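Okay, structure first, notes after.
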Amino acid sequence: MDLARPDLRPDPSLSRDEMESLQRDIAAAATLDDDHGLDPSTVAVEEAASLADGLPPARDGAQARLDAGAGSADGHDPDAPVVVGLDQAFLVDREGAPDAAVSAAVAFRDGDVIEFASATTPLSIPYVPGLLAFREGGPILAALDALDVAPDLLVCDGSGRIHFREAGLATHVGVLCDAPSVGVAKSLLCGEPDEPTDGRPAGWRTPIRADDAVTTAEPGTVIGHAFQSRQYPNSGRVNPLYVSPGHRVSAATAVDLVDALCAGYKLPEPTRFADAHADAVKRNADR
DNA sequence: GCGACAG
DNA sequence: ATCTTGTCGC
């Protein structure tokens, strides 16, 4: 996949100041309005698929597509938008220190997996809050490069606009590819929910507004939403997801899309599959 | 100086 | 993110 903005690649060798400066450029280049042909109903995943089905792991690409049943259009819409889930697992050395990133990209269309791809990339810098894209951006692009199908929506594991400079991982990857993207994080990096999020029922959502940690937005600006994708009937102990726009998707549409992509589990299906695929490739890597 | 911080 | 078994509750 050709990059729309190769000049904005997250180069891990940049200084911290240069990284932050680049993120301001990313935020400026990001489109925070809806600019896509997606409707939540056209990307919806109705049925939670079995993860075991989705793991051909030892084989990416064409063979995996065949395994997944693509090509045999049995009642499924071949023109539906392609949603790609992205996630990573890490290989560790003897000391237990992260050694390389295994990035996975799993493509869904009309509710079914149509392709698996992955890439293993040496890690260059440690995790630093706010600079995640400089650690994981390169590896993610490598996985996207290994993917044959063209994405209509990218679902990233991490924040998009919910970020100190409104340029989280999802925003960065979306702008580089000029593809619509959303960020799905399991914990909140910055910003403040309108209401307490504890013990909410499935489907519940509340805006996340910029606080003083967000240096590029007026305090109070809606930068994403807390979204309760799943909850246990009685005891509310599942934490909500934090959904934010990446590129070319509004805050409101981002939650609606993620809602449509969830099928009974806390994480949206594309993310669950990318997670499982990255783990499988990682396990398969040792021996 | 202290706190807070996606994966 | 990763190191890890059983276990309590849907």
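All values reported here derive from a predicted model rather than from experimental measurement. Throughout, a chain's letter reflects where its sequence line sits, starting with A, and its residues are numbered from 1.
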*Heavy atoms under 4.0 Å is the rule here; annotate nucleotides 2-7 of chain B 5' to 3' with B where the base is hit, S where only the sugar-phosphate is, and - elsewhere.*
---BBB
*Output all residues satisfying salt bridge (charged side-chain N to carboxylate O under 4.0 Å, His left out) with A:Asp194, sequence neighbours left out; order by chain, then residue number.*
A:Arg209
_For A:Asp34 and A:Ser250, which I'm curious about, is there any donor-acceptor pair between the side chains at under 3.5 Å?_
yes
*If you look at every strand shown and take non-hydrogen atoms under 4.0 Å, does A:Ala97 touch a base, only sugar-phosphate, or nothing?*
nothing
*Give every residue pair that meets the ring pair (Phe, Tyr, Trp, His ring centres under 6.0 Å) criterion with at least one member in residues 195-234 of chain A, sequence neighbours excluded.*
none
*asked:* Using every non-hydrogen atom in the two residues, find where A:Ile162 and A:Cys190 come nearest and quote the distance to one decimal.
replied: CG2-O, 3.4 Å
*Any side-chain donor-acceptor pair under 3.5 Å between A:Asp17 and A:Ser15?*
no
*All side-chain hydrogen bond (donor to acceptor under 3.5 Å, both in side chains) counterparts of A:Asp145, not counting sequence neighbours*: none
_Qualifying residues under side-chain hydrogen bond (donor to acceptor under 3.5 Å, both in side chains), relative to A:Arg9, sequence neighbours excluded_ = none
*asked:* Wobble G-U and Watson-Crick pairs count when both distances are under 3.5 Å; given that, what is the 5' to 3' dot-bracket string of DNA chain C, with | for pairing to other strands?
replied: ..........
*asked:* Applying side-chain hydrogen bond (donor to acceptor under 3.5 Å, both in side chains), can you list everything that pairs with A:Arg237, at least two apart in sequence or on another chain?
replied: A:Ser235
*Can you name the closest pair of heavy atoms from A:Asp77 and A:Asp110 and give their distance?*
N-OD2, 2.7 Å
Which donor-acceptor pairs under 3.5 Å do the side chains of residues 122-136 of chain A make with protein atoms, sequence neighbours left out?
unit_1	atom_1	unit_2	atom_2	d
A:Arg135	NH1	A:Ile125	O	2.7
A:Glu136	OE1	A:Gln88	NE2	2.8

_According to side-chain hydrogen bond (donor to acceptor under 3.5 Å, both in side chains), who are the partners of A:Arg230, at least two apart in sequence or on a separate chain?_
none
Name every donor-acceptor pair, under 3.5 Å, that has one atom in a side chain of residues 165-182 of chain A and the other anywhere in the protein, sequence neighbours excluded.
unit_1	atom_1	unit_2	atom_2	d
A:Arg165	NE	A:Gln23	OE1	2.7
A:Arg165	NH2	A:Gln23	OE1	2.7
A:Glu166	OE1	A:Thr216	OG1	2.6
A:Glu166	OE2	A:Arg161	NE	2.8
A:Glu166	OE2	A:Arg161	NH2	3.1
A:Thr171	OG1	A:Gly160	O	3.3
A:His172	NE2	A:Leu8	O	2.9
A:Asp178	OD1	A:His247	NE2	3.0
A:Ser181	OG	A:Ala170	O	2.8
A:Ser181	OG	A:His247	N	3.0

*A:Asp279 CG - C:dT2 C1' separation (whole Å)*: 11 Å
*How does each nucleotide of nucleotides 5-10 of chain C score, in 5' to 3' order, for protein heavy atoms under 4.0 Å: base (B), sugar-phosphate only (S), or none (-)?*
-----S
*Side chains of A:Ser13 and A:Asp11: is there a donor and an acceptor less than 3.5 Å apart?*
yes
*Which nucleotides of DNA chain B pair, in dot-bracket form (Watson-Crick or G-U under 3.5 Å, | meaning another strand)*: .......
_Atom-to-atom span, CG of A:Leu91 to P of C:dT2 - whole angstrom_ = 10 Å
